[in-house]
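This report concerns only the one structure given below.
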Amino acid sequence: MFCTHCGAEIDNRAVICPHCGCATENYYRQAQPHAEQRENKPVNILAIVGMVLGILSFWLGFLYCVLPIVALILSICSFKKVKQLNSGRGFAIAGLVTSIISLCIWLFAWIMAILPNSAITIIY
């Protein structure tokens, strides 16, 4: 094989010409499969949705704590799919953490809202 830039004879497996340092045809052949591999990587959608709902549940958790529970369930399901898809581990963990924290905050808020009213009705 000959270098297309300097014309020197090089090894057929060479990726870069040892004489001029320019890339050969083999360089471009090897670069293409890696680009295709990155494009076809599966995405763990449940992990992303679980994390987004976990974050939204900080503001919308007052709706009877439904949103944090849904976010927690989606994050658990997505965490189980991480090994299968090899994707979304960070999103799944973030969804678990945010939904658990939000669920605790809103459960505490609901309990504090209910208890004083119950205590008042018992006294009167």
Side-chain angles (χ1 to χ4, degrees):
M1 178 167 132
F2 293 95
C3 177
T4 55
H5 189 261
C6 68
E9 188 174 356
I10 56 175
D11 186 22
N12 289 340
R13 296 172 293 169
V15 178
I16 296 175
C17 176
H19 302 287
C20 67
C22 291
T24 64
E25 295 172 9
N26 294 335
Y27 175 81
Y28 298 109
R29 286 185 197 142
Q30 288 180 354
Q32 289 174 351
H34 296 295
E36 291 173 6
Q37 235 177 10
R38 278 184 246 138
E39 292 173 9
N40 296 331
K41 186 176 179 182
V43 177
N44 193 345
I45 299 294
L46 285 178
I48 297 170
V49 172
M51 186 195 69
V52 169
L53 288 179
I55 293 169
L56 287 176
S57 67
F58 282 112
W59 293 282
L60 302 174
F62 62 88
L63 301 170
Y64 304 105
C65 297
V66 173
L67 196 58
I69 293 170
V70 171
L72 183 63
I73 291 170
L74 286 176
S75 297
I76 291 170
C77 292
S78 69
F79 199 71
K80 290 181 179 181
K81 283 192 163 191
V82 165
K83 288 183 182 176
Q84 189 179 36
L85 297 175
N86 197 19
S87 169
R89 186 172 194 272
F91 287 122
I93 291 172
L96 283 170
V97 170
T98 56
S99 60
I100 289 171
I101 292 171
S102 175
L103 186 62
C104 291
I105 290 171
W106 285 110
L107 280 175
F108 180 75
W110 275 102
I111 290 171
M112 294 310 291
I114 292 171
L115 281 180
N117 294 335
S118 302
I120 292 171
T121 55
I122 292 172
I123 294 173
Y124 290 115

Linked, directly or transitively: Phe79 and Ile55 (ILVMFWY side chains, under 4.5 Å): yes

Tell me whether Val15 shares a hydrophobic cluster with Phe2, the cluster being built from Ile, Leu, Val, Met, Phe, Trp, Tyr side chains joined at under 4.5 Å. no

Give, for atom CG of Asn44 and atom CZ of Arg89, the distance between the pair rounded to the nearest 0.5 Å. 12.5 Å

Listed partners of Ala109 passing side chain to side chain contact (heavy atoms under 4.5 Å, CB included), at least two apart: Trp106

Write down the atom of Ser78, the atom of Ala47, and the distance for their closest heavy-atom approach. CB-N, 3.2 Å

What's the shortest heavy-atom distance between Ser99 and Pro68, and which atoms? CB-O, 3.6 Å

List in chain and number order the residues that pass side chain to side chain contact (heavy atoms under 4.5 Å, CB included) with His5, two or more places apart in sequence or in another chain; answer none if no residue qualifies. Cys3, Cys20, Cys22

Enter the distance from Leu74:CG to Leu96:CG here, rounded to the nearest 0.5 Å. 10.5 Å

If you look at every heavy atom in His19 and Glu9, which pair is closest and at what distance? NE2-O, 3.8 Å

Who passes side chain to side chain contact (heavy atoms under 4.5 Å, CB included) against Phe58, sequence neighbours left out? Thr98, Ile101, Ser102, Ile105

Do Thr24 side-chain atoms and Ala14 backbone N/O form a donor-acceptor pair below 3.5 Å? yes

Does some side-chain heavy atom of Ser57 sit less than 4.5 Å from a side-chain heavy atom of Leu103? no

Near Asp11 CG, under 6.0 Å, is it more than 12 heavy atoms from other residues, nucleotides or ligands? yes

Could you grab the distance from atom CD1 of Ile45 to atom CG of Leu85, nearest 0.5 Å is fine? 9.5 Å

Leu46 and Cys77: which non-hydrogen atoms are nearest, and at how many Å? CD1-CB, 4.2 Å

Return the CG to NZ distance between Asn86 and Lys81, rounded to the nearest 0.5 Å. 14.5 Å

